[in-house]
Protein chains: 2
Amino acid sequence: MREVAEYAGVSTATVSLVVNGKAGDAGITEATQQAVYNAIEKLQYTPNRMASAVVTGRSRMVGVVSALSRELFDTQFGSRVLSGFVRGARERGYHFVFLEDITRNSEDHVRVLQDAREMCLEGLILLIDVGRDEKVFDVGKWLSTSIPVVSVQFTFDPEGAPGFRVNHQNAVEECIDHFVRRGHEQIGFGARHIDLRSRSTVAVIERALARRGLSFDPGCVFEVPRWDRIGSFVDAYLKKRPSAMIILYDGEAVRAVTALREAGIQVPRDLSVIGYGDSPLCTDFAPALSTYRPPLEEIGRDAIQYLIRCVEDGTAPRRDEVRDMTGQLVLRQSTGSAPGH
Amino acid sequence: MREVAEYAGVSTATVSLVVNGKAGDAGITEATQQAVYNAIEKLQYTPNRMASAVVTGRSRMVGVVSALSRELFDTQFGSRVLSGFVRGARERGYHFVFLEDITRNSEDHVRVLQDAREMCLEGLILLIDVGRDEKVFDVGKWLSTSIPVVSVQFTFDPEGAPGFRVNHQNAVEECIDHFVRRGHEQIGFGARHIDLRSRSTVAVIERALARRGLSFDPGCVFEVPRWDRIGSFVDAYLKKRPSAMIILYDGEAVRAVTALREAGIQVPRDLSVIGYGDSPLCTDFAPALSTYRPPLEEIGRDAIQYLIRCVEDGTAPRRDEVRDMTGQLVLRQSTGSAPGH
DNA sequence: CTGTTAGCGCCTTCAC
DNA sequence: GTGAAGGCGCTAACAG
C-alpha cells in the first residue's frame, strides 16, 4: 500500500480512502483517484483483508453453524442451501466458513462463539435441520446475544422454528389444489415417520381440504418405512385406498409407489402421488415423480444476504419472524385424474 | 492480550508464546503458563486470528475452488467431498472458504488468486469434476505457481487429472471379481454418454477381464440415455444380452433396470447390475441397487490435510502424483449368479 | 527464562 | 483535498 501511495504520489491515507470507496465522501479529486487506480493496476496491489479486519473489526466473513451436519451433506437439501450461501455471499463480496456442528456435544456452542470471535466473523447462519430440538433454539438464542444470527430451516415442518424456511402452506395448497382440480376427493399423506412434524403437515392438509368443503380421513396418514417393513404400509393403504397422496420425501414416494405396484396398484392410474424435494431420482424413476421443489438455493441466498444487510446496517436480525419462501409444484408422470373422473 | 498479560503479571510476548504452544521451546515455567491460562480463563480472552495473520502471513484458512459448482451441489458427490473438507480442516484447526467457480468466464482464475491473497489463504483445493477440461488443468498449473494447490477429482475417469481421486482400478476389479465369481462371463458397461471417460473405463474393464482369461465384447458398451430415448438402450441390450453390467452412475443404473424390466428382463435373475455412487436412491429403489461406494469423505479429508501438511512443512504439493483412494463394493439386491450357474 | 522493542498492513482522526 | 501520526492486536528479534 505504501508503494502504491508512492507510485501515485499520494499518501497511504488517500489510497485507503480510494480503495474503500470513500473517496467521494472525503472529496478526493477524480484525477487523484485515477492515479491511485493506475498505481494499483501497475503494482498488482491486493489489499489485505486481515489487516483491515484488525483495525475495523470487520472481516466480511460470516459463519455457518449446523445442527446436524451429517444431514447437511447427505441429503441434497443441505447442499442446495449451501449453494445459495455461496452465491449470496459472493454477490455481496463476503465469504463464509463452516464452524462446529452444534449438536455433537453440549459445549460446542461456546466453541462456535470462540471461533467466531477469533476469526472476526460478523454473523452466523444457524442451519436447523433436525426439526424441533429445543436445545438448538436455545443455543440460537444464546448465540444471538453476542452476534447476529439468522436461522434457516430446510426440512418440512409447518410449526418449526421461525427464520427462513419453505412456505409449507403454499406447498400443501398447491398439491391439494392440483388434486382437487383433477377430481380427487380422498387424499392421503405419507412419511417415513409419523411424528410431530408429520402431524403438523397433516393439520395443514386438513385445513386446506376443509376450505374446499372436503374432509380428511385420519386413517389416511401412512407411515412409509424401509423395505423390510414396507408391508405394513401396503396393508394400511389397501384398507383406505385414497386416490391421491402427498409423500415426504421423494425417496419415500419412490418406495411407496414401488411397493404399491407390487400389490397391483398402478400410478397414476389408481393413485396420484406428489413427493417433496425434487431430487434427481424423480426423473430416474418410472413413472417420473411429480414433486414439490423447495426453493433451497433461494432460501440460502436470501438468508445470507439478510444477515449481511443486518450486519452492515447495524440492526439485529429478527429472531421471531417467519420468512416463508415459495417453491414450485413440478408435475411429471405420477399424477393424473381421479379414477372415473 | 495486554490485559491478560497484566492480569497474569507477565508481558504480552509471554502470553503470545503460551497461546501459540511455543511455551515449551521458549522454556517458559509451568507456573507462568498456568498463570497465563488462568488469566485467559478469567478474562474470557480470545486471540484474534486476523491480527496474527497480519504479522505471520498465516491465516489457517484455505480456499476451495471448483471447476463447475453446479455439479458440486447437485450431486451427492460434491457434498460428501465437502463434508470431508470440513472434518479434515477442523481436525487441524483450519477453516476453508469457497472462492469463484473457475469456469464461469475466462478471467475467474485471476479473481481466485486475488481473493486468496486478500484473505491470506494458505492453499487451494481445486475441485475437478468436469473430467478432462484442458483449461482447468492449465488454470491449476498457473495457480500452483503462486500458491499451494491440490486437486481433487471426484467423477469417474481412470485417465483423469492427477491428484486425489477414487481408485478406479480397484473399483473395476472389485466388480469384475464379484461377477466372475458368480459365473458371469459376458459383462457389459453402461453410462449416460459414451465419451472419452467411458472409453477409459471400458479399457480398464477389458484389462481386468483379460487377466482372468475373459474377453470383452465391444458391442457391450451401452449408452443409457434419458427416458425419452431409453428405447435405444433396450434395443442395444437385447441384441447382446450380457448377464452382468457395470453402470455409471446409480441414476443410470436405475433407469436401465427399470427399462429392461418393461422389456421382460428381470434383475437379478437375468441380469446383475452394479451402479456407482451409493446414492440414497439405491435403497429406495427395488431391487435395492448394488453399487460401488466411492470414498468421498475420505478423499476430501485426506486432500485438505495433505494440503495443510504441505503448507506447514513449506513443501509444494506434488502436482503430478496420483492419489488413488479405495472405496467399497456394496452388495444389495441387484446382483446374483449368472443364469444357469 | 522473560521483557523490551520494532514492526506487520491498514484505517482514522486531525491539522494543514 | 491531502498527509502525518497514532494505534488496531499480535509476533519475532534480541537483550538481559
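Note: hydrogens, waters and symmetry copies are ignored here, and every other heavy atom, side chains too, is used. Lettering follows sequence order; numbering is per chain, from 1. Note that the structure is predicted; figures quoted are calculated from it, not measured.
With no hydrogens or angles considered, no side-chain donor-acceptor pair links B/E321 and B/Y306 at under 3.5 Å.
One interatomic measurement links the two molecules: CG of A/D25 to C1' of D/dT2, which rounds to 15 Å at whole-angstrom precision. Look at CZ on A/R49: it is 18 Å from C1' on D/dC8, rounded to the nearest Å. Nucleotide D/dG7 holds its C1' atom 11 Å from the CZ atom of B/R2, rounded to whole Å.
A donor-acceptor contact shorter than 3.5 Å is absent between the side chain of A/S83 and the backbone of A/S79. Using a distance-only test at 3.5 Å, with no hydrogens or angles considered, a donor-acceptor pair links the side chain of B/R165 to the main chain of B/A161. Of the possible donor and acceptor atoms, one in the side chain of A/R60 sits under 3.5 Å from a partner among the backbone N and O of A/R92. Checked by atom type and distance alone, the side chain of B/E100 never pairs as donor or acceptor with a backbone atom of B/V112 at under 3.5 Å.
Using the six-membered ring where Trp is involved, A/F96 and B/F98 have ring planes that are tilted, between 30° and 60° apart. Ring geometry, B/F77 versus B/F154: the interplanar angle exceeds 60°, so the pair is classed perpendicular (tilted spans 30 to 60°).
Counting heavy atoms of neighbouring residues, nucleotides and ligands inside a 6.0 Å radius, atom NZ of B/K141 does not exceed 12 of them.
A 4.0 Å heavy-atom criterion places the boundary nucleotides of DNA chain C facing chain A at C/dG9 to C/dT12, written 5' to 3'.
Among the heavy atoms of the strands lying under 4.0 Å from B/G9 are primed sugar atoms or P, OP1, OP2 only; no base atom is included.
Axis deviation across the helix from C/dC1-D/dG16 to C/dC16-D/dG1 amounts to 30°, comparing end segments of five pairs, rounded to 10 degrees.
Residues from residues 112-124 of chain A lying near DNA chain C, meaning a heavy-atom separation below 4.0 Å, are absent.
Remark: A/E91 engages A/R301 in a salt bridge, criterion side-chain N to carboxylate O under 4.0 Å.
Comparing A/T14 and B/S11 by the nucleotide of DNA chain C that holds the closest heavy atom to each, the one mapping nearer the 5' end is B/S11.
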Quiz item: What string of B, S and - do you get for nucleotides 11-16 of chain D, 5' to 3', when a contact is any protein heavy atom under 4.0 Å?
Solution: BB----
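The side-chain hydrogen bond (donor to acceptor under 3.5 Å, both in side chains) search around B/R319 returns B/S151, not counting sequence neighbours.
A/M119 has its side chain within reach of B/M50: a pair of non-hydrogen atoms, C-beta onward, lies under 4.5 Å apart. Taking the side chain as every heavy atom from C-beta outward, A/V19 and A/V4 never approach each other to under 4.5 Å.
For the side chain to side chain donor-acceptor pair (under 3.5 Å) condition, no pair includes a residue of residues 33-43 of chain A, sequence neighbours left out.
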